[in-house]
Amino acid sequence: MPELNQTTIRVLVVDDEPGVRDAYRQVLAVSDVSQEVQGFRELRSRLFSKNAPERSRGKARSPSTTFEPVFCDQAQAAVAAVKEALAHGQPFAVVFLDMRMPPGPDGVWAAAQIRELDPAVEIVICTAYSDADPSDIGGLVPPEDKLSYLQKPFHPHEVRQMTIALGSKWRAERRIVKLAYFDTLTGLPNREQSHKRLVRALQAAKEHDRTLAVLYLDLDNFKRVNDTLGHAAGDELLRLVADRLRNSLRDRVDTAVAGAGAGRRLGDIARLGGDEFMVLLPNIRAAADAGNVAERLIEALREPMQLASNSLVVTPSVGIAVYPQDGTDAMTLLRHADLAMYVAKRRSPGTYAYYDASMNAIALHRFTIEDRLRGALDRNELSLLYQPQFDVRTASVSGMEALLRWTSAELGVVSSSEFLPVAEETGLILPIGTWVLRTACLQAKSWRAEGLAVQRIAVNVSGRQFALADYPAQVATILRETGLDPAMLELEISESVLMADEAWAERTINQLKQLGISLAIDDFGTGYSRLGRLRNFAVDRLKIARSFVTSITEGSDDRAVASAIIAMSRSLRINVTAEGVDNFPQLAFLQEQDCQDAQGFLLSGPLLADEARALLKRSGEFGEGSRSQRFKALIG
């Protein structure tokens, strides 16, 4: 049974004389070199230390060191042996090369060839002649600090000591390289190492006329895991993701990737940083094969992952760039794969996209938005509009939803569908969201001070805000600073945010409810939740997504879904607001179903603060009359 902590030094000996090879064999045949070292230490201790016996008996034995020699008689055979060792992941630490090996190439030729194959190996040039010039040889086989010399005839101790010293140096340098080129968290190659591998793969693809693909993976909503569960949980998730990627590629990539040894793809995965990964497919038959691999990676990561007591579903967005059509150098391919990933994430998280040239314009526009959005608050370019919410049973204004508007000095009016995802991704949504909540609360406080009939102000909460542990405390501070009655504030949280981590959502909602505010689930029906799960959340309102309301008058399934949501909510004593009411048949349907509230362009679009004030004033002044008369007076 091998000892723990045993160290094996792989040595290649190259000499054309059988007698010399036998001499090396005897020198390196010592099964445990550290026995000699230990014996020497004990002898020295007995000679020079008074209490040596006691200390020797109490001292643990040092880790053992053994040699694993391989012998060759010619330079060409040595080069072949190094290739084979590297292919099997068992590189040599030290190579002893005879200077002259007639009739073939000499040791300097072999050293140069071996150095190209393995830059890390320690090479020892052995010669019985005095005409060998180390400076000349060092120029041919750089670097000089990894080239040593041994004069024949040699002493056995000299060979053993040189082997141990150079082997230790080789191991230490390998540890340094591992720290420099491999990610310590996942064990995957890091960005620098992956770039080098991509460069080498591109060279091979060019030489052999192959097709190559780069896949750029980014985990969707990973920041939320760090914010809600902590960075330790985030690190564990990254390790699990790396393992899933390894296993998926190891087990299945060979069905889509051509070439010998296609199933061995562990070295083709890299962690670029954060939650970003790269997969290199160095030899595929066609571009479509890269899409097949992307689908398998997405499928593998979609399976729930268990982190302590939390079960999480993580999806990656994947971008694909293919050589040669999408780029011929490493930086271009990686950049284009990154662009494709960004487009995939924007279109539909958890999917993949191939790069095409039009994405450059998309990326440029996105980067411009991010650049200008960073100073938008300081330049007072942000403002709020207010969209009225109507009680469809009484035809009165029941609330106002605050909607963010950005008018850039350079870009003009920027759609919220364009800048809000950028704000969320970059974290700019956090200061912007705080500003929105404070501004909306101040406006509602002002309207109430005027005696206007505003019942509630609704404010949207982003996923990044909701993930903050201190978000309830932030809301409490703003309510205290603005003096708004908490009962007037309603926070709208999207269904997808709640479903991302139900346990966290339940705790946060309960903390917010303790402040006295109300909670609404926005875009209900578009996520994965079931009505029965609403019992877990102390919410006050559901907002039926616009996509259902749009087609409720067409006798479609959406009509049945909307009816079911309204009926179930009534039984659970949860209010319902229908979004996107744009015509009278939709409004009539909601009235028939006894839906409480509605908002949409039929009733009113978003209004400036003064326009909203005027509507609230009309709502308070209008007296008795039918529902139709009241609607006509309010909306014209």
Side-chain angles (χ1 to χ4, degrees), residues 1-40 62-102 104-128 132 137 141 145-175:
M1 181 177 178
E3 292 187 33
L4 296 177
N5 299 322
Q6 179 171 317
T7 300
T8 300
I9 301 175
R10 300 202 75 224
V11 185
L12 177 63
V13 176
V14 189
D15 199 293
D16 62 318
E17 295 185 22
V20 175
R21 294 197 300 273
D22 287 340
Y24 274 109
R25 187 175 285 108
Q26 293 177 21
V27 169
L28 300 176
V30 179
S31 60
D32 190 347
V33 179
S34 41
Q35 289 180 5
E36 295 183 351
V37 177
Q38 185 71 12
F40 171 74
S62 59
S64 62
T65 301
T66 60
F67 298 131
E68 183 182 336
V70 174
F71 300 92
C72 296
D73 62 354
Q74 290 293 318
Q76 296 97 326
V79 174
V82 171
K83 285 183 179 179
E84 183 179 1
L86 291 172
H88 288 85
Q90 297 178 324
F92 292 108
V94 185
V95 176
F96 286 93
L97 281 170
D98 189 21
M99 183 67 172
R100 299 178 183 180
M101 293 177 285
D106 63 11
V108 176
W109 177 89
Q113 300 298 312
I114 290 171
R115 176 66 76 225
E116 287 187 10
L117 293 171
D118 187 355
V121 68
E122 296 287 339
I123 297 177
V124 182
I125 299 293
C126 306
T127 180
I137 300 175
V141 191
D145 66 340
K146 299 188 74 61
L147 194 63
S148 303
Y149 300 89
L150 182 63
Q151 186 77 32
K152 293 182 179 179
F154 49 75
H155 191 281
H157 289 320
E158 187 178 9
V159 173
R160 281 200 297 270
Q161 290 169 3
M162 178 174 282
T163 306
I164 293 171
L166 293 177
S168 299
K169 176 173 177 266
W170 179 82
R171 287 196 304 273
E173 289 178 350
R174 279 174 64 88
R175 285 193 291 268

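- If you take CG on Leu150 and CG on Leu97, they are separated by 11.5 Å, rounding to the nearest 0.5 Å.
- Leu166 pairs in a side chain to side chain contact (heavy atoms under 4.5 Å, CB included) with only one of the listed residues (Val95, Ile9, Ile123, Val94), which is Val94.
- One distance of note links CD of Gln90 with CZ of Arg10; it measures 5.0 Å at 0.5 Å rounding.
- One distance of note links CG of Leu86 with CG of Leu117; it measures 6.5 Å at 0.5 Å rounding.
- Considering CZ of Phe92 and CD of Glu84, their distance stands at 8.0 Å, rounded to 0.5 Å.
- Between atom CG of residue Asp73 and atom CG of residue Asp98 there is a gap of 11.0 Å, rounded to the nearest 0.5 Å.
- Looking only at side-chain heavy atoms (C-beta outward), Phe67 and Val27 stay at 4.5 Å or farther from each other.
- Scanning all heavy atoms of the two residues, the minimum distance from Ala77 to Cys72 falls at O-SG, 3.8 Å.
- Looking at Gln76 and Gln113, their side chains never come closer than 4.5 Å, going by heavy atoms from C-beta outward.
- The side chain to side chain contact (heavy atoms under 4.5 Å, CB included) test with Phe96 singles out one residue from Ile125, Val11, Val14, and that residue is Val11.
- At distances below 3.5 Å, at least one donor-acceptor pair connects side-chain atoms of Arg115 with backbone N or O atoms of Val121.
- For Gln74 against Pro102, the heavy-atom pair with the smallest separation is NE2-O, 3.6 Å.
- With values rounded to the nearest 0.5 angstrom, Lys169 atom NZ is found 16.0 Å from Ile164 atom CD1.
- Side chains of Leu28 and Val13 form a contact here, defined as non-hydrogen atoms less than 4.5 Å apart.
- Residues Pro105 and Ala75 approach most closely at O-CB, 3.5 Å, considering heavy atoms.
- The backbone N or O of Cys126 sits nowhere less than 3.5 Å from a side-chain atom of Lys152 that would complete a donor-acceptor pair.
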From CA spacing to verdict: ring-ring contact (aromatic ring centres under 6.0 Å, His included), Tyr24, Phe71: CA-CA 9 Å; Tyr24 274 109; Phe71 300 92; 7.4 Å; no
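- At least one donor-acceptor pair under 3.5 Å links the side chain of Arg21 to the backbone N or O of Asp15.
- The two residues Met101 and Asp106 make their nearest non-hydrogen contact at CE-C, 4.0 Å.
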